[in-house]
Amino acid sequence: MSRTEQLTHAKGAEGKKRGRWLALSVLVLAVLLVAVDATVLGLATPALSEDLKPSGTQLLWIGDIYSFVIAGLLVSMGSLGDRIGRKKLLLVGATAFGAVSVLNAYATSPEMMIVARALLGVAGATLMPSTLALIRNIFHDPKERSLAIGIWGATASAGAAVGPVVGGALLQHFWWGSVFLINLPVMIVLVIVGIKLLPESKNPVAGPWDLFSVALSLVGIIGLVYAVKQVAAHGMGWEVWAAAVIGAGALYTFVRRQFALTSPLLDMRLFKHRGFSGAVLADLLTVFGLSGLVFFLSQFLQLVQGRDPLEAGLAELPAAIGAVVTGLVAGKYARKYGVRVIVTGGLAAIGIALAALTVIHKETGYPLLGAALLVVGLGAGFSFTVTADVILSSVPKEQAGSASAVSETAYELGAALGIALLGSVVTGVYQGFTAPASVSGPVADAAHESLGGAVEAAKSLDPQTAEQMVGAAQVAFVDGLRLASGVGAAVLLATAVAAWFLLKGQELQEGIEH
């Protein structure tokens, strides 16, 4: 090879390498879009509660319907991306996500807000599997891919940090709906730049998209999650049994159908890989243990400790900072010390941090809260980044969409179950508080719906009675939050033990794929 040919070849290789990282920058914009949306909702919940006046049950639906729908559709959308092209699905989904964000911003009733969040879940289901699947197909060097996944996860954490801060600043000056409109500029940049920079990829032999399997997946997951939510909030009833039976039946039929199809929506053989199954289970249980706490923490900071929205957003920064720091180096340390050491250590750190939150009270100083949030972030950065890498590297790149969808389904399902169950723990304890005897029935009922409802209802009372009622409500809310933190800690520590055995012998890839 001549000197000129060598230089041309080197320049071409350098251009391809630069192109990979430019493409990654577009993918992380999509992650940022979803992460910001997820965090600003919790921050906006107090103002949203005052304006739309949702019941306690409606408030939980507003918080978790997005996760219900996205969990039900992720597998289907991951498989669709494998078939029609991941770039195409990503860009269509991003456009829809931005448009539906406007509907969220201008919702005028709890019912409209629930519907808008559900539609956002449909759009969101197209984004996350596409981003991870494209990373799997763009980065063939496992070490480069680990770094790319670390950047992907770090951006999600950065979005979790940017969301509350930017959202808090907006809530200082505008109405709560403004926090959803920040999705629009991100979406516009993503679509315009993505059209030019992202390479298309799909499974060339994926076969037809089975609509019956799509319906079974959606009905099955939503049915089971709804049953869990209802039994946690209201106990057993005929509607709970009906939802559970329908959901379980649909999922059983879905699994049987996948084995029978020549081109399944989800290749069930993926779960025979112990590392894949262990990583998926770790993700599901970790998010389950965290989500209830995250959903109610913003309310604690604002409605119990009296912080304004911007201050509350800044108070939550340590978790995101910790996740960014460890996410970027997780792959390196997993290769040095072993996958199960890093994942188990990360999960145990989160569990210990949640256990520390079981002692919080209204006057708890920020050092304890900040330190606990930092440890949660450090542990999550290690665990989530490495499990994502394990899941992607366990499958052929043609099935990257389906594998990514399973990973994201576990994440979203864990979030939905965590908000439903741990949120119901908080709500159940909270609703047991005793209002002052002089408070009338309708006002007392409104106060018992949610802490935001108690603060709003107190405005119609004389100052002394209002202070007594809000004080009792705050104590009950913190009691519920402490109990939920304890349950979350137990789940995380048990998951750490399970991960130690399930990920035995699991290693990240070293050699470059061809």
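When a residue number appears, it is its place in the shown sequence, counting from 1.
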Using only atom types and a distance under 3.5 Å, with no angle test, would you say the side chain of Asp389 pairs donor to acceptor with the backbone of Thr385? no

Where Ala279 and Ile391 come nearest, the two heavy atoms and their spacing: CB-CG1, 3.7 Å

Hey, mind stepping through Trp500 and Val341 against side-chain contact (heavy atoms from CB on, under 4.5 Å) and telling me if it holds? CA-CA 7 Å; Trp500 179 258; Val341 170; 4.0 Å; yes

Less than 6.0 angstrom separating the ring centers of Phe276 and Phe271, yes or no? yes

I want to check something: taking the side chain as every heavy atom from C-beta on, are Ile138 and Leu24 in contact at a cut-off of under 4.5 Å? no

Taken to the nearest 0.5 Å, the spacing of Thr387 OG1 from Ile342 CD1 works out to 12.5 Å

Counting N and O atoms only, with roles assigned by atom type, does the side chain of Thr126 sit under 3.5 Å from a partner on the main chain of Val122, one being a donor and the other an acceptor? no

Drop me the distance from Ile135's CD1 to Leu147's CG, to the nearest 0.5 angstrom. 10.5 Å

Taking Ser277 for its side chain and Arg274 for its backbone only, find out whether a donor-acceptor pair lies under 3.5 Å. no

Say whether, by atom type as modelled, one donor and one acceptor occur between the side chain of Arg117 and the main chain of Ile65 under 3.5 angstrom. no

Correct closest heavy-atom pair for Pro318 and Gly370 would be CB-O, 3.6 Å

Around atom OH of Tyr252, are there more than 12 heavy atoms of other residues, nucleotides or ligands at under 6.0 Å? no

May I ask you to test the Leu181-Ser101 pair for a side-chain heavy-atom distance under 4.5 Å? no

Which atom pair, heavy atoms only, marks the closest approach of Leu347 to Ser383? CD2-OG, 3.4 Å

Testing the basics here: between Ala334 and Val386, what is the closest heavy-atom pair and its distance to 0.1 Å? CB-CG2, 3.9 Å

Any Arg482 side-chain heavy atom under 4.5 Å of Val359 side chain: no

Report the C-alpha distance between Leu369 and Leu301 in whole Å, list the side-chain angles of each, state the deciding distance to 0.1 Å, and finish with yes or no for side-chain contact (heavy atoms from CB on, under 4.5 Å). CA-CA 10 Å; Leu369 290 172; Leu301 293 169; 4.2 Å; yes

Any donor-acceptor N/O pair, Thr358 side chain to Ala355 backbone, under 3.5 Å: yes

Are the side chains of Ile360 and Leu357 in contact, using a 4.5 Å heavy-atom criterion? yes

A quick test of your reading: do over 12 heavy atoms of other residues, nucleotides or ligands sit less than 6.0 Å from OH of Tyr337? no

Side chains of Leu190 and Leu91: closer than 4.5 Å at any heavy-atom pair? yes

Within this structure, what is the OH-CD distance for the pair Tyr366 and Gln305, rounded to the nearest 0.5 Å? 10.5 Å

Is there a side-chain contact between Leu73 and Ile221 (heavy atoms, below 4.5 Å)? no

Atom CD in Glu316, atom CG in Leu373: separation rounded to 0.5 Å? 7.0 Å

Hey, are Ser146 and Arg335 close enough side-chain-wise for a donor-acceptor pair under 3.5 Å? yes

Under 6.0 Å between the ring centres of Phe139 and Trp21? yes

Heavy atoms, side chains only, cut-off 4.5 Å: are Ser76 and Leu218 in contact? no

In this structure, OG1 of Thr344 is separated from NZ of Lys504 (nearest 0.5 Å) by 13.0 Å

Side chain of Lys362, backbone of Val478: donor and acceptor closer than 3.5 Å? no

Minimal non-hydrogen separation, Gly351 against Ala489, with atom names: O-CB, 3.4 Å

Is any side-chain heavy atom of Leu354 closer than 4.5 Å to a side-chain heavy atom of Leu492? yes

Run the side-chain contact (heavy atoms from CB on, under 4.5 Å) test on Gln299 and Val304 for me, step by step, so that the C-alpha distance in whole Å, both residues' side-chain angles and the decisive distance to 0.1 Å come before the verdict. CA-CA 7 Å; Gln299 295 180 63; Val304 175; over 6 Å; no

Drop me the distance from Leu80's CG to Met77's CE, to the nearest 0.5 angstrom. 6.5 Å

Evaluate the criterion side-chain contact (heavy atoms from CB on, under 4.5 Å) for residue pair Leu483 and Leu422; output intermediate values, then yes/no. CA-CA 9 Å; Leu483 180 58; Leu422 299 184; over 6 Å; no

Atom of Ala353, atom of Val376 and distance for their closest heavy-atom approach: CB-CG2, 3.6 Å

